[in-house]
Amino acid sequence: MHTNIKFAGYFLAWLLLLNANDLFANGLENEADIDPVLFSMSADKSVVKIGEAFSIDIQCTLRDFSDLRLFPVSLNGEFVLKVVFPDGFVQTGGNYYHTVSGKLLRPGEKIVYRITGKFVSKPPSGKFMLLRGTKQSVEVGRFLYRGELALAVDDAEIAEAAARQTATAAFSQCLEAELMSGANGPVTSDPNASNGQTRGAENQYNHFVDYMVNVPSAGAYQVTLRYYSSAVPVLSVTVNGANVQTISLPNSGSWNIAYTDYTFSVNLNAGASTLKIAGTGGGSCRQDKICVTGDGQTCPVLSKVRLHWRTADFNRLNGAKIQGSNDGSVWTDIYTIGVNATGSWQEFTFPNATPYQHVRYAASPTGYGELREIEFYSGATKLSGATFGSDPNVAAMGWQYAVDGIVNASWHGQYVGIGAHAGPSNFVGISITGCATTCIKPAIVQTAGTNVCPSTNQQVTLTASGYSGNVSWMLNGVSAGSGTSLATANAGSYTASSSNGACTSGQSQVFTVTQAANCAATALVPKISSSGFPEILTLSIVADPANPGGWLLSDVGTVSLPAGYEWSYFIGSKWLRTGANLTNEPWQSSSPGRVVKMATKIGLDTLNRWPCPPEGCNYYYQNDAVAQLAPGARGGLTTFIFN
C-alpha cells in the first residue's frame, strides 16, 4: 500500500504576491493557496512494525503564478524544510537532514527529499509534521505548518521491541522542566510541549533548570534534552556543581511549533544527583523536558596509543597530543607526546581515569599529521568506532590512511599555499562504538582566495574539516548554504555545523572573512518599483556606510499606531515587531526586495488560523489581529530594486 497525503498551506511572506488592494482590503482571508511551492508527503507503507525500515518522500514543486497581477516576474522558489519526527522514530538514511534547503527555478520543477528510518519504540502518535521556512530568512526562528503524514505502528512486535530496549537501556527517567523546583525561568504554556508547559522565555538566554536525577548505579548515561529556540543556544551542563560541559545546541528553528531533541553524555554517581542545564550565551533556550537513559556502564577509558610515523621529519611528532571529548566540540588533553618519531611503531601508555566518547590524535605545533597508522587502546583492548579526521590534505594523502589498518601510505595535511595549516588543526580519531552519542563539530579552513569584494565577485572558498555527515553554513548567524565547501564573495563571520542522521553538532569556531582594501562599492541606485498604500508605508533606502554594498531601510511614514497594536514589518521573509517605525534595517545585498507593514495585536505569536485552546483564543488568530489603517487597507506594501 502507498500512503500519499498532499497539502498546501500558506507562507506569510508570499502575501506580497497578491494585488495590494486585494491584500489589504480583505486582510488575511485568501492566503491559504499562495505559497509558490506545493508540498506533498508519501510513505511506502501505511502500517509499520517496530524495527521495520520504511521510507517517506517529500516532494516540492514550484507552482505556476504567472497570472498574478502584482509580480509578473519569476517566483523565488527557495525554501527550508524541517520535519518533526514522532517519538521513537530514528532516521537511518536518505537525503533529508535537519533544515534542508532547496531552490526551484521554473514552474513545474520538482525536488524530492527522502527520509528512511524505523520506529524503535511505540510512539503516542505516528505523525510526521512538515514545516517550511525560507532560505534567506533573517529571522530563522519562524517556521510555518505545511501538513502532516500519520502512520500506524503495528502492536504485534511491541513486547519484543520493549524487551530489546530494556536490555540495552536498563534505566530510563524523564523529568519535566516546569516541575523542577530549582529554576529561574518562567513557566510558559505551549500546546506542543510534552506536558503542555515549558520553562524559559524567548528573549532571555540566562535561564537554568536543576533536574533531580536518581540512577541505580554509577557510570555514563545519555541525557536527551527537548527544547525550543529561535537562535543557536550555548548551555553549561554540570553534575552536582562540577564536571562542566559547554554545549552549543542546534537551533530548533521555532518557538511556536516544533521542538528539537539533543542527546549528550554525562557521568553520574549512584543515587541522587543535581543535573543543572543553564543558558550561558547565544540564543535563548526554552526547556521542555529531559530523559535520562542508560545502564550505568562507562565508556572505555583510553590508556594507550600505538602509532607509526612516516620516514621523515621525525621532530614533528614531539608535542603532539592525545585528546578526548564527550560532546564532539570541547577537547581535553589526555597526554602530550614528548619524544621524536622513529619511523617505526611506537607505543605510549599514560594514566587516565576519564571515559570519553571521542578520542583523537592532534598534531604538534609544527606537525601536519604525517602518520602511517594510529591505534587507540583501553588497556590491552583495541578500541573501534567511526573514524574522522581533518581536511584538506595533500592530494592522495588523506587522513583515512592513518586509520585503515595498513602501514603503507601516509596521511599528510596541506603544508604549502592556501589552506596550509600546521598544528592541532590536523587531527585524526574515532568515535567509540557503543559509546558515542554525539557527533563531531567541524572546523573551517580557507582553501582558496585571500579576501572578498562583492562588486567584482572576488571570492574565497571555505572548507569544513574534521566532521562526518552533511554540513550547513551560517554567515553572521544566517543560513548561507550547505556542502563540504562554500565559495563566497561576502565578508563576515562564518560558522559550520554537521549532521548525521539524528545527530547534529554544535557550531564551529567563528571564521572571519575580510573584504579587500581596494574593494569599491557597487554603483547602484535603489528604486521603488511598486507601492501599495504609500500613506501607510513610506520606505527610505540609503547606502550602509559601515557595510559597502549593503543598504539601510527605514520607514518615514506618519500613520498613527492604534492602541493595543504594534507594527509588524515583513522584510523579505523576516518578521520584525516594534512599537516604532522601522529604522536603519540592514539589507545585505543588492537583490530586489519587498517590505510589508501592518499593525498587529501586541503579543500575537502567529497570524495562522490555529484552533483555539481550552483556555481561550488569546494570542491566537482573531478577526481583529490586524488593524485597519486606512479605508480598505490593513497595511502598506513596497517593492524595490537596484540598478
Side-chain angles (χ1 to χ4, degrees), residues 7-17 28 31-41 58-63 75-85 95-104 111 113 115 128-148 192 202 227-233 249-260 283-284 286 470-482 495 497 499 504 507 568-577 588-589 591 593-596 604-610:
F7 44 81
Y10 65 87
F11 183 41
L12 191 54
W14 289 96
L15 291 170
L16 312 174
L17 294 174
L28 300 174
E31 73 273 31
D33 296 316
I34 64 172
D35 193 324
V37 181
L38 177 68
F39 301 98
S40 67
M41 291 178 73
I58 307 167
Q59 181 170 292
C60 317
T61 307
L62 188 64
R63 294 161 38 162
L75 299 174
N76 183 344
E78 292 188 273
F79 57 85
V80 175
L81 294 182
K82 178 173 181 176
V83 177
V84 181
F85 296 155
N95 63 340
Y96 167 84
Y97 56 89
H98 178 72
T99 60
V100 64
S101 61
K103 183 175 183 179
L104 298 168
I111 298 177
Y113 297 101
I115 302 168
F128 294 78
M129 186 179 354
L130 181 65
L131 310 176
R132 185 253 215 257
T134 62
K135 185 179 178 186
Q136 296 84 7
S137 176
V138 176
E139 187 182 62
V140 297
R142 302 291 170 185
F143 278 74
L144 294 180
Y145 175 83
R146 279 295 171 271
E148 59 192 47
N192 298 307
E202 179 175 357
Y227 65 95
Y228 300 75
S229 68
S230 56
V232 175
L249 295 179
N251 180 16
S252 77
S254 178
W255 276 85
N256 61 332
I257 296 179
Y259 56 78
T260 289
S284 49
R286 198 173 69 185
N470 303 293
V471 176
S472 298
W473 296 86
M474 303 282 282
L475 168 58
N476 299 328
V478 179
S479 177
S482 59
T495 60
S497 63
S499 60
T504 300
Q507 294 292 320
S568 279
Y569 289 93
F570 302 96
I571 307 152
S573 348
K574 178 181 180 180
W575 182 2
L576 176 65
R577 290 173 287 185
Q588 301 287 359
S589 72
S591 300
R594 55 191 73 88
V595 176
V596 170
L604 203 67
D605 185 57
T606 175
L607 296 180
N608 295 345
R609 285 182 175 273
W610 291 103

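The first residue in the sequence is number 1, and the count goes up from there. What's counted below: heavy atoms across the whole structure, side chains too, no hydrogens, waters or symmetry copies. Just so it is clear, the structure is predicted and the values come from calculations on it, not from any experiment.
Going from atom CG of N251 over to atom OG1 of T260 covers 7.5 Å, rounded to the nearest 0.5 Å. To the nearest 0.5 angstrom, L131 atom CG is 10.5 Å from F39 atom CZ. Here OH of Y113 is found 14.0 Å from CE of M41. Values are rounded to the nearest 0.5 Å. Distance check, rounded to the nearest 0.5 Å: CZ of F79 to OG of S101 gives 8.0 Å. Atom OG of S568 and atom CZ of R577 lie 6.5 Å apart (nearest 0.5 Å).
Y227 contributes no side-chain N or O that, together with a main-chain N or O of L249, makes up a donor-acceptor pair within less than 3.5 Å. Checking side-chain atoms of S229 against main-chain N and O of S252 turns up a donor-acceptor pair under 3.5 Å.
Of all non-hydrogen atoms in C60 and L81, the two that sit nearest each other are SG-CD1, 3.6 Å. When all heavy atoms of L130 and V83 are compared, the pair lying nearest together is CD1-CG2, 3.7 Å.
With a 4.5 Å cut-off on side-chain heavy atoms, I115 and F85 count as touching.
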